[in-house]
2 protein chains.
Amino acid sequence: MTHATAAFPESRHDHADCVERTLAAAERICRDRQARLTPQRRRVLEVLLADHVAVGAYEIADRLAENGRRPAPTIIYRALDFLIEVGLVHRLASLNAFIACGHPGSAHGAQFLICNGCGLVAEISDPRLAGAVAEAARRVDFAVLRPIVEITGRCPACRPGLRGRGDA
Amino acid sequence: MTHATAAFPESRHDHADCVERTLAAAERICRDRQARLTPQRRRVLEVLLADHVAVGAYEIADRLAENGRRPAPTIIYRALDFLIEVGLVHRLASLNAFIACGHPGSAHGAQFLICNGCGLVAEISDPRLAGAVAEAARRVDFAVLRPIVEITGRCPACRPGLRGRGDA
DNA sequence: GGCTGGTATGTAACGGTATAACATTTCGAA
DNA sequence: TTCGAAATGTTATACCGTTACATACCAGCC
Ligand SMILES: [Zn+2]
Ligand SMILES: [Zn+2]
Ligand SMILES: [Zn+2]
Ligand SMILES: [Zn+2]
């Protein structure tokens, strides 16, 4: 099992590198799109990259306040709109919160596993799940525009009876 | 194609009967559970049954205001909590709104197709889709508690190039 | 009947989420 | 340099949902 495919980032994964690579990708994606990753927008993205947990807009404002003035909600929402538009951030409807995209750049259907123990959010892109959604819609002649799949539950680390995965 | 299995209620379906049967089922379900379907709660359910569209809590209050005083939000939310608890109502996270359950009584995983043209919401209970969710979670060792599947799109009636379904 | 405790309803205030409307600044291209 | 578009800033407001506490209703029991 490689790190890249693990749905839940291991606690020991090199998060500094994780952040750095995502920011580099963000810069590249925005350049390619001729979209401007301004300092504001970048700061919002950095907040979301700080950990693999969904963060609300007001919480983002609070964190940005730590070095400077607290931006008004509208500032945050505009930055988020931009980041979502270019595919760097996803909104989690069930949490009213936002999270950095786990694999930006490639067009992808995303589904989310949300741990209600530690708050970790895993973004998966499961073609079979996406296919099942498409198929269910097709069966009733429904044209899909925006499929939302958000699964709340418990991540492996937050289960009491946690046993090894057999690869240790 | 029978009415009972059509995901999107045909405009010509006998909605009065649809409401009546659901209310009867609601009475029975509450009796079985020794839960009290009080007039308040029943009125909220009736608002949600008025059509197959999701309704927000404040909108429910507005509609109840038409015959009497407008109940405070907390009244509405308490009724909704009750109705959700006994399985008569679902909450749609992506709309911050509520809808009457399409097939109350039987335990069922539900997925929702939400038309952004007419607002109609179809509740489906697709075992293959539910299975795909369970399988995707299992693959990453995630214990599912509450799977949310809400698919926004266009219902057959709201598509411009609508062609017959072959059964007309 | 009258107590009593649990359930349901009523009321007021508040907190969290998101947008509207409008002013100002920044930036890149002509 | 001028100009228009994009981005940011400011204020106010709308919408969604909860907290805290008071009151009313409805058993079962004395
Ligand atoms: Zn993504
Ligand atoms: Zn966890
Ligand atoms: Zn109906
Ligand atoms: Zn429609």
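Reminder, nothing fancy here: chain letters follow the sequence lines and each chain counts from 1. Quick caveat, the model's predicted, so the values are computed rather than measured.
Rounded to whole Å, atom C1' of C/dT9 lies 14 Å from atom CG of B/L64. The interatomic distance linking A/I60 (CD1) with C/dT17 (P) rounds to 11 Å, in whole Å. For the pair A/D62 CG and C/dG15 P, the interatomic distance rounds to 14 Å; values are reported in whole Å. The distance between atom CD of A/Q34 and atom P of C/dC27, rounded to the nearest whole Å, is 18 Å. B/F82 places its CZ atom 11 Å from the C1' atom of C/dA8, with the value rounded to the nearest Å.
Annotation: side chain to side chain contact (heavy atoms under 4.5 Å, CB included) contacts of B/E20 (sequence neighbours excluded): none.
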Pairs of donor and acceptor atoms involving the side chains of residues 80-102 of chain A, under 3.5 Å and at least two apart or interchain, shall be tabulated with distances.
{"from": "A/H90", "atom 1": "NE2", "to": "A/H108", "atom 2": "NE2", "distance (Å)": "3.3"}
{"from": "A/H90", "atom 1": "NE2", "to": "A/E123", "atom 2": "OE2", "distance (Å)": "3.0"}
{"from": "A/S94", "atom 1": "OG", "to": "A/E150", "atom 2": "OE1", "distance (Å)": "2.5"}

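Residues B/P39 and B/Y58 both approach DNA chain C. Their nearest nucleotides, taken by heavy-atom distance, put B/P39 toward the 5′ side. Residue whose closest nucleotide on DNA chain C sits further toward the 5' end, between A/R36 and B/A79: B/A79.
With hydrogens and angles disregarded, no donor-acceptor distance shorter than 3.5 Å links the side chain of A/R63 to the backbone of A/V44.
Taking a 4.0 Å limit (strictly below) on heavy-atom distances, residues 68-77 of chain B reaches DNA chain C at B/R69, B/A72, B/T74, B/I75. Within residues 40-56 of chain B, the residues that place at least one heavy atom under 4.0 Å from DNA chain C are, in residue-number order, B/Q40, B/R41.
Here the CD1-CD distance, from A/I76 to A/E59, works out to 11.0 Å after rounding to the nearest 0.5 Å. With rounding to the nearest 0.5 angstrom, the OG atom of A/S125 is 6.0 Å from the CD atom of A/Q111.
If you chain together hydrophobic residues whose side chains sit under 4.5 Å apart, A/L48 and A/I114 never meet in one group. In terms of hydrophobic clustering, with Ile, Leu, Val, Met, Phe, Trp and Tyr side chains grouped at heavy-atom distances under 4.5 Å, A/V53 and A/F112 are assigned to different clusters.
Cluster partners of A/L145: none. The rule joins Ile, Leu, Val, Met, Phe, Trp and Tyr whenever side-chain heavy atoms lie under 4.5 Å apart, and it links nothing here.
Taking 4.0 angstrom as the limit, B/R78 places none of its side-chain polar atoms (N or O) nearer than this to OP1 or OP2 of C/dG10.
Contact footprint of chain A on DNA chain D: nucleotides with an atom under 4.0 Å from a non-hydrogen protein atom, first to last in 5' to 3' order, D/dA7 to D/dT11.
Counting heavy atoms of neighbouring residues, nucleotides and ligands inside a 6.0 Å radius, atom CZ of A/R146 does not exceed 12 of them.
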Check against salt bridge (charged side-chain N to carboxylate O under 4.0 Å, His left out), A/R31 and A/E27: CA-CA 6 Å; A/R31 200 175 329 112; A/E27 298 279 10; 5.7 Å; no
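Ion pairing of A/E135 with A/R138 is present here, as a side-chain N (NZ or NE/NH1/NH2) and a carboxylate O approach within less than 4.0 Å.
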